[in-house]
Each structure stands twice: as structure tokens, then as C-alpha cells.
A.B. asks: 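One structure, pasted below without further comment.
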Amino acid sequence: MKRFAIWILLFGLSSATFAAIDAPTGRVVLTVSGAIDHTNVPERPLAQFDLAMLKLLPAHEITTHNPWEEGEHHYVGFNPKDLLALLKSRGDLMRLTAFNQYITEIPMSDFEDWDTIIAYEMDGKPIPVRNKGPLMVIYNFDQHPELRTEAYYGRSIWQIQSLKVMEP
């Protein structure tokens, strides 16, 4: 199988399963740590992903305005629920860190209740680092005007480099 392949191995007579996640072959754009059971970094409790690996997750789209970009933009990305299911996450809160060390915490319920995504594409193109990429949290502020608050603007982190799943 190609990158990001998942193999299910059965151990002995038990029904326990283990999923192996391939290591990235491109530039690492996201490191996941914390309350996860499946990793791809030998001897470290981490999972690293390049952009191609993240693009293999189910894609979600949002078209919206936001306070840091002029006009309406179309974003494509993944829902962290899918990524964390793959990693067998035990947490319900994510701590995201940007390149500039800005940190925000986002409850997983935001990704369930508001269809929020971590975008890797804006208007049909990868998001460059100089324009808040390669990864950014996008809420649909047009569809949910009640999210137009400082709390949700503060969670709209860009230039994401790491995600830590917090224990429940």
C-alpha cells in the first residue's frame, strides 16, 4: 500500500488491533502528541504528517468571510476528528501551537458542533506560510454569525505546527 496505509494486525487469540501509520516522506507540517495510542515516530509518543498524508483524510470545505482576510474565501481541509480517530485519541481538548509559539486550546466539540476544519487549501491553492499556512483553523463565520466573538477568533489559529491532545 502507499503512504498512510493502515494495517490491522490481530494479536494471538484476542481481538485487540493495532494500526500502523506510515512515516511522512515529505516535509512534516503537523506533529501530534498527547493522548494518542497510535504513533509513527519510533520510541516517541508522536505522530508526524506531511501535507500529502493529511490530504488523504476525508476533505471538508467551508466558504466564508473571516476578520483577517479581505472578502469571501473557499477553504478545503480535514476535520481533526478523522485524524484523531486514526490515532486512537483519548482526549476531548486540543492544544494547538503555531510557528510563532501562539497557543490556543479548542474543544473537540467545536469540530462537531460547528463543522470547523483545519484548512490546507484556500481558493484552490495550498496556503503558503507567508499567508498563514500551511495549516489554519477555519470556522464558518458566515453560516454561524454567533461565532463572531473574540473567543472563536482566538481559536482561529494559523501557521499550525503541532497539536497536543489533552487527557479527558
Side-chain angles (χ1 to χ4, degrees), residues 2-4 6 21-22 24-36 40 46-87 89 91-166 168:
K2 293 195 177 196
R3 296 158 30 105
F4 208 64
I6 301 174
I21 304 164
D22 284 348
T25 58
R27 182 175 62 89
V28 172
V29 296
L30 182 65
T31 299
V32 183
S33 64
I36 59 174
N40 65 358
L46 299 172
Q48 294 182 324
F49 298 88
D50 61 26
L51 193 54
M53 294 168 75
L54 295 174
K55 286 184 173 184
L56 291 174
L57 293 167
H60 299 268
E61 301 180 25
I62 293 176
T63 300
T64 191
H65 292 82
N66 58 54
W68 50 88
E69 296 285 345
E70 194 170 308
E72 182 181 77
H73 295 278
H74 181 78
Y75 298 92
V76 177
F78 63 94
N79 188 316
K81 292 184 317 184
D82 297 323
L83 176 65
L84 297 181
L86 176 71
L87 298 175
S89 167
D92 58 0
L93 181 71
M94 297 185 319
R95 179 177 293 152
L96 295 141
T97 305
F99 293 143
N100 67 359
Q101 299 309 301
Y102 176 79
I103 297 172
T104 191
E105 292 184 349
I106 303 176
M108 286 305 298
S109 60
D110 279 15
F111 297 96
E112 296 166 8
D113 298 344
W114 307 113
D115 298 319
T116 305
I117 64 172
I118 295 180
Y120 48 72
E121 194 174 284
M122 182 174 86
D123 299 329
K125 298 177 184 170
I127 307 170
V129 172
R130 70 179 176 278
N131 191 30
K132 303 176 182 61
L135 302 173
M136 62 192 307
V137 170
I138 298 294
Y139 288 85
N140 194 332
F141 294 112
D142 288 355
Q143 187 175 348
H144 303 287
E146 63 271 30
L147 300 179
R148 295 180 194 153
T149 68
E150 288 303 314
Y152 290 98
Y153 293 155
R155 293 177 185 174
S156 299
I157 185 172
W158 52 76
Q159 294 182 326
I160 299 167
Q161 72 176 6
S162 66
L163 181 162
K164 182 175 183 180
V165 181
M166 309 304 287

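Counting from 1, the numbers follow the sequence of the chain as shown. In this text the structure is predicted, and so the values were computed from the model without any measurement.
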A.B. asks: With rounding to the nearest 0.5 Å, note down the distance linking CG in Leu135 to CZ in Phe49.
C.D. replies: 11.5 Å

A.B. asks: Which atom names give the shortest non-hydrogen contact between Asn131 and Met122, and what distance separates them?
C.D. replies: ND2-CE, 3.3 Å

A.B. asks: Rounded to the nearest 0.5 Å, how far apart are CE of Met94 and CZ of Arg155?
C.D. replies: 10.5 Å

A.B. asks: Can you check whether Val137 reaches Thr116 side chain to side chain, under 4.5 Å on heavy atoms?
C.D. replies: yes

A.B. asks: Going through the checks in order, is the side-chain contact (heavy atoms from CB on, under 4.5 Å) test met by Val165 and Leu163?
C.D. replies: CA-CA 7 Å; Val165 181; Leu163 181 162; 3.7 Å; yes

A.B. asks: Please test Tyr102 against Trp158 for side-chain contact (heavy atoms from CB on, under 4.5 Å), starting from the C-alpha separation and ending with a verdict.
C.D. replies: CA-CA 9 Å; Tyr102 176 79; Trp158 52 76; over 6 Å; no

A.B. asks: Once you round to the nearest 0.5 Å, how far does CG of Asp110 lie from CD of Glu105?
C.D. replies: 12.0 Å

A.B. asks: Ring centres under 6.0 Å, that's the criterion: do Tyr152 and Phe141 meet it?
C.D. replies: no

A.B. asks: Could you tell me whether a side-chain N or O of Asp50 sits under 3.5 Å from a main-chain N or O of Thr25, the two making a donor and an acceptor?
C.D. replies: yes

A.B. asks: What's the separation between atom CG in Asn66 and atom OH in Tyr139, rounded to the nearest 0.5 Å?
C.D. replies: 13.0 Å

A.B. asks: Can you name the one residue among Ile138, Ile118, Asp123 that meets side-chain contact (heavy atoms from CB on, under 4.5 Å) with Tyr75?
C.D. replies: Ile138

A.B. asks: Quick one, Gln143 and Thr64 - any side-chain contact, counting heavy atoms below 4.5 Å?
C.D. replies: no

A.B. asks: Counting heavy atoms not belonging to Glu70, are there more than 12 under 6.0 Å from its CD?
C.D. replies: no

A.B. asks: Side chains of Pro134 and Val129, heavy atoms from C-beta outward: is any pair under 4.5 Å?
C.D. replies: yes

A.B. asks: Rounded at 0.5 Å granularity, tell me how far CD1 in Ile62 sits from NE2 in His74.
C.D. replies: 9.5 Å

A.B. asks: With a 4.5 Å cut-off on side-chain heavy atoms, are Asn40 and Pro24 touching?
C.D. replies: yes

A.B. asks: Does the side chain of Gln161 come within less than 4.5 Å of Gln101's, by heavy atoms?
C.D. replies: yes

A.B. asks: Once you round to the nearest 0.5 Å, how far does CG of Leu54 lie from CG of Asp82?
C.D. replies: 11.5 Å

A.B. asks: Mind checking whether Leu93 and Pro107 have side chains closer than 4.5 Å, heavy atoms only?
C.D. replies: yes

A.B. asks: Side chains of Lys55 and Phe78: closer than 4.5 Å at any heavy-atom pair?
C.D. replies: no

A.B. asks: May I have the step-by-step check of side-chain contact (heavy atoms from CB on, under 4.5 Å) for His60 and Phe111, ending in yes or no?
C.D. replies: CA-CA 11 Å; His60 299 268; Phe111 297 96; over 6 Å; no

A.B. asks: Decide yes or no for Glu69 and Lys132: does some side-chain heavy atom of the first lie under 4.5 Å from some side-chain heavy atom of the second?
C.D. replies: yes

A.B. asks: Would you sort out whether Thr63 and Asp142 count as a side-chain contact (heavy atoms from CB on, under 4.5 Å), showing the intermediate values?
C.D. replies: CA-CA 8 Å; Thr63 300; Asp142 288 355; over 6 Å; no

